[in-house]
Structure formats: structure tokens, C-alpha cells
Peer 1: 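Structure incoming, see below.
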Amino acid sequence: MIDIDKTAGDITKAIRNFMAAEEFSYINGYMQGIAAEIKIVASVVLIFLAISSSSFVFPLLLLLFSITLALASRISLATYISRFYIIPLFSVIVVLPLAFINGDTGMYGLLINAEGAKYVALFTVRVMAAVATVSLLLFTTRFSAILSALRRMKFPMTLITIMAMVYRYLFTFLTQLVNMLLGRRSRMVERRKSIKGASAFAGNFLSRILSKSDAVYLAMRARGFDGSVKTFDRKFEWSSAGIIYTTMVIAMVFLWAITEL
Amino acid sequence: MGDNRIIEAEGITYTYPDGTLAVENAHFYLERGERVAIVGPNGSGKSTLLKILSALMEPQEGSIRFYGKENVKEKELRKKFGIILQNPDDMLFNATVMEDLEFGPAQIGMKRNEFEKILEELDEIFSLSPLLKKPPFKLSEGEKQRVAMACALATKPEVLFLDEPFSALDVGMKRKVVEYLNKLNAEGMAMVTVSHELDIIPRVADRVYLLNRRVVAEGKVEEILSNDKILTENGMEPLPVAKIAAALGMKDIPLTIEEFINALKSK
Ligand SMILES: Nc1ncnc2c1ncn2[C@@H]1O[C@H](COP(=O)(O)OP(=O)(O)O)[C@@H](O)[C@H]1O
Ligand SMILES: [Mg+2]
């Protein structure tokens, strides 16, 4: 049976916390003082290297690198780490069967495929390193700063606007979902756990979302939105923090080359 | 007519896609620097009419002119209109309060330093500082309403549209905000306030439309709010002071406690 309240509630909470991470971007920390462009380019490079690693060394190093920078940026470690121990959990579930298919090594009565097991472990570490890198970017950079950086980097305007819209709608949907869950909870004496209840809830949620998205679109237009989201321009500037960070990232690239090649 | 009219609407009819007739054959005008209110019971079409008057929705029937013109670019209007929608949850769609405050000014191409100056002023009235870094969903209802109002004012509008703007504000904040709005009005900002409660109306409007899908009455605040009969007939509760004054047989019906006391004293 599905406990829709609990499931939806958990997911909502996780995503809302994810978005709320932006609060950290206002703290006066190390990464916050670096131009968004530098962080975006560096993150893309580091993630690419992490997911193309064939050994554990680089992903683990990157994980350590990210955690150190998070600390230097005065991000709550608990919040930061909660980010990448939850997300890889899903990825493990997806690839875990690989560890048991064609098992040959006996262990606690289970037949384990050593190659498969190693792959699962490597996969997980790589995802964790990638998520840690993205999280650091999102924790320390305001969303509007990311958008304005992408614009300066000549990213297609349409893509930027779509990103901005999706981000905004997601917020509203989540608020809506939370309100509905609270409403249900307050009206229900005994929680029903049934497929029927779940599908009725989903249908209701969908119809509300549609009317809600109309409302948000209206509100955006009320504030001057005309099809392309604009942000205050931030000037690109090299700070000493930015130079040091760039140097460290280049060092990371060398480390990758040494461990992989 | 003339150059003074910012909005001029005739025969406005709006039906929602599901067939609900929300506004029927309504008219409205707004002159520069005016304070106008639209009052009526719940579901009487106030919010719908406000969205039409602020050019967010188009009526199926009727004509509406902005600044004397039939076809004004929406972009031009957005620079001049500030709108506070009824539900602040709709208004706040950014990751943090700060980004929400920046959104409007950035869309209309305001310079950052100009925005920062305005923000300082708004902070004094709406106590925004402690809220700036928070995501909107963590705010209380009253805080959301304050932020939504500040968002609409951040573009320095020439006309401010307010849909039930004070419903979640406490007494002290309400007084402060009304005072500030009136200061902006004295400097030239026009205001259109929608409300189903009458108590605040004498302090934010000089002219009133009573809406009940159609415009059932219009006139000076004193005329409409002291008209016990028409208010009651249209599902509105007349102001207690006005009722007492009428029962006492006063000629000039007071609309606020202060007016009431003064009237009693002068007798
Ligand atoms: N999006 C919508 N779809 C269908 N009907 C609506 C919608 N919004 C409002 N209505 C209906 O239109 C009428 C007027 O609504 P509204 O303008 O919100 O009134 P008020 O603001 O005076 O309470 C009501 O009967 C309401 O139920
Ligand atoms: Mg309304």
C-alpha cells in the first residue's frame, strides 16, 4: 500500500530544502566571493572528469575538495552532506543488481560478482562527487547570478528562460503540494493508505497545479515579465578568491591526468 | 475625458472558461493621482475586474483605454503599474525574498543603484532586512503580504493596484503601510484598492465603486459608505460607526472613530 502523504511529504521536504540552500549564498564565505562564470565552468569540468574516472582516487579527492570548500564557505556541513548521501542512494538502487548478476564470489551465502560490485561502488562515488560539486555551486551562487552568468556566456536565451521558469514553477508547485498535504492531514482522522486515495490526490494536485501555473504566469507578467527573464547584470570580476580557486581546479585537472592516464 | 484619465473602461464583461460570469457590463475610470476603491462581497468579481483594469486579462466585451489610447503596449504599462495580487503566494515565485524584490525592477530595466535606493526606503516601512535571504515559503502570511507589497512598490509605480492588501497585517503594520501609501499618493501615485471589508476604505480612497458583478453604485466614499440600504442589499456590512451615527440621527455620517468623536464633540 502507498502512504501518499508520507512519500509526497518526504520528497517535497527534500526538494524544498534543496532550493532553500540558496540562503547560504548570502553568507560571506569563500566560494560566495567568486564570480558565477568561474564556478560554472569549473564545476562542469570537474563533474566531467569525475564521471569519466576509472579509479576511485579522483572522485574521492573531488569529494574531499568540495567538502573543504564548503567548510571554507561556511555552509552547514550537515545540510551539505545530506545532499549527497540521499541522492546517490537512488543511483545505488538502480545499479545494485549488477553486483549480483552472474555472481561468482561467495560472501555471507550470497554470490557476488566482484567486477559488478566494484562497478557499483565506483558508480556511487562518482555520482557523489558530481553531486557534491553541483551542490557547492548551487549553495554558494544565487540563482539569478547563475542566469546572468549564463547569459553573458552567450547561452541561448530561450534555454535560460526555460530554466528560470521551471525553477520558479517548481517552487510554486511544492508550496501547493505542502498546502494540500497539510489540508488533508488536518481533515483526516485516520490516514487512508490506498491506491484510490493516491490517484484522487494526484488528479486533484494536477488540476490545482494548472490553475496555479496560470496564477504565477499572471504574477510574473504583473511584474514586467515579457517572455524573457531579465536579471540585474553583475559584472564579471576576478577576485583573489577566484584566482586561487581557478588554480586549485587546474591542479585538480592535473591530478586527474596523473591518476587516470 | 481629457489627459487626466489613466484608465477608462466601458461595458466590461468577463466570463471564465468554465462559464462563470464574473463581471458584467462594468465601467470604471481612474484619474492621475486618484485614490479609488472597489468594494463588494466575496465572489463579486473584484479581483477579476482588477486584473482587467491592470491589463493582465482582456475582457470578452467592452472597451478599455489606457492613457487615452486603445492600444498601449503592455511593456509601457508595466513600467507604470504596480500590482499586488490577492494571494501573496502567487506573487512570490523566486528562491529568496531578495530575488523577488529584484525581479520587477530587473524586468523593467531599472538600474541596480536606483533599485538599492528604493529598497532602503522600503526596508524602513516594511522591515524587510531580516527577511531578505529567506525563501518566501518560510515566511508567515503577514510577512508574505509585506514582501508582496514591497515587490509591487519596488518599481516606483505611477498606479498601484491592491487586492485585499491588508488582510494579514497586524494593526501597527497596517497603520504604517497606509500612512506610507498616502505619502506616495501625495507625491502623485494613484491607488486602486480592492476590499470586501469597509473599515480601511475611508483611509485609502476618496471614490468608491460598489461591485456585485455589475457596478451597483459609485460615488464619493462618504456617499457610498453611509448608504446603509445599498450596502446591506449587496451583501456588505455597513461600518459600525456609520450605523451608530445613523441610529443617533446624525446628518453627516462619520466613517471613522475620529470623525465620530469630533461630530459628537461639536454638538
Ligand atoms: N480562474 C477562475 N475560473 C473560474 N471561475 C473563477 C476563476 N476565478 C474566479 N472565478 C469566479 O469568478 C467569480 C468572481 O471571482 P473574483 O473576481 O475572485 O471575486 P472577488 O475578488 O470579488 O471575491 C467568482 O464566482 C469566482 O468563483
Ligand atoms: Mg478577490
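All values below were derived from every heavy atom in this structure, side-chain atoms included, with hydrogens, water molecules and symmetry-related copies excluded. Labels below follow one simple rule: chain letters A, B, ... track the order of the sequence lines, proteins then strands, and each chain is numbered from 1.
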Peer 1: Pick one of side chain, backbone, both or neither for Pro157(B), based on which atoms fall under 4.5 Å of a heavy atom in chain A.
Peer 2: neither

Peer 1: With chain A as the partner, which of Lys134(B), Met110(B), Lys75(B), Met98(B) has the greatest number of non-hydrogen pairs under 4.5 Å?
Peer 2: Met98(B)

Peer 1: Give a yes or no answer on whether the side chain of Arg221(A) reaches the backbone of Leu56(B) with a donor-acceptor pair at less than 3.5 Å.
Peer 2: yes

Peer 1: Determine the minimum heavy-atom distance between Ser144(A) and Glu99(B), stating which atoms define it.
Peer 2: OG-OE2, 3.1 Å

Peer 1: When rounded to the nearest 0.5 angstrom, what is the spacing between CG in Asp90(B) and CG in Leu218(A)?
Peer 2: 8.5 Å

Peer 1: Would a 4.5 Å heavy-atom cut-off, applied to side chains only, mark Thr96(B) and Tyr26(A) as touching?
Peer 2: yes

Peer 1: Tell me, side chain or backbone of Phe115(B) under 4.5 Å from chain A's heavy atoms, or both, or neither?
Peer 2: side chain

Peer 1: So, taking the atom named NZ in Lys230(A) and the one named CZ in Phe103(B), what distance separates them when rounded to the nearest 0.5 Å?
Peer 2: 8.5 Å

Peer 1: As an exercise, state the distance from CZ of Phe93(B) to OH of Tyr217(A), rounded to the nearest 0.5 Å.
Peer 2: 12.0 Å

Peer 1: Going by an N to O cut-off under 4.0 Å, is there a salt bridge joining Glu102(B) and Arg142(A)?
Peer 2: yes

Peer 1: Report the distance from atom CZ of Arg223(A) to atom CG of Asp100(B), rounding to the nearest 0.5 Å.
Peer 2: 5.0 Å

Peer 1: Identify which of Ser54(B), Ala152(B), Cys151(B) forms the greatest number of heavy-atom pairs closer than 4.5 Å to chain A.
Peer 2: Cys151(B)

Peer 1: Working to the nearest 0.5 angstrom, can you tell me the gap between Ile108(B) CD1 and Asp226(A) CG?
Peer 2: 11.5 Å

Peer 1: Are more than 12 heavy atoms from other residues, nucleotides or ligands located less than 6.0 Å from atom CD of Glu58(B)?
Peer 2: no

Peer 1: Judged by atom type as modelled, is there a donor-acceptor pair below 3.5 Å linking the side chain of Gln107(B) to the main-chain atoms of Val229(A)?
Peer 2: no

Peer 1: CD of Glu124(B): more than 12 outside heavy atoms within 6.0 angstrom?
Peer 2: no

Peer 1: Which heavy atom of Phe232(A) sits nearest to which heavy atom of Ala106(B), and what is that distance?
Peer 2: N-CB, 3.8 Å

Peer 1: Under 4.5 Å heavy-atom distance to chain A, tell me which part of Lys111(B) shows up: side chain, backbone, both or neither.
Peer 2: backbone

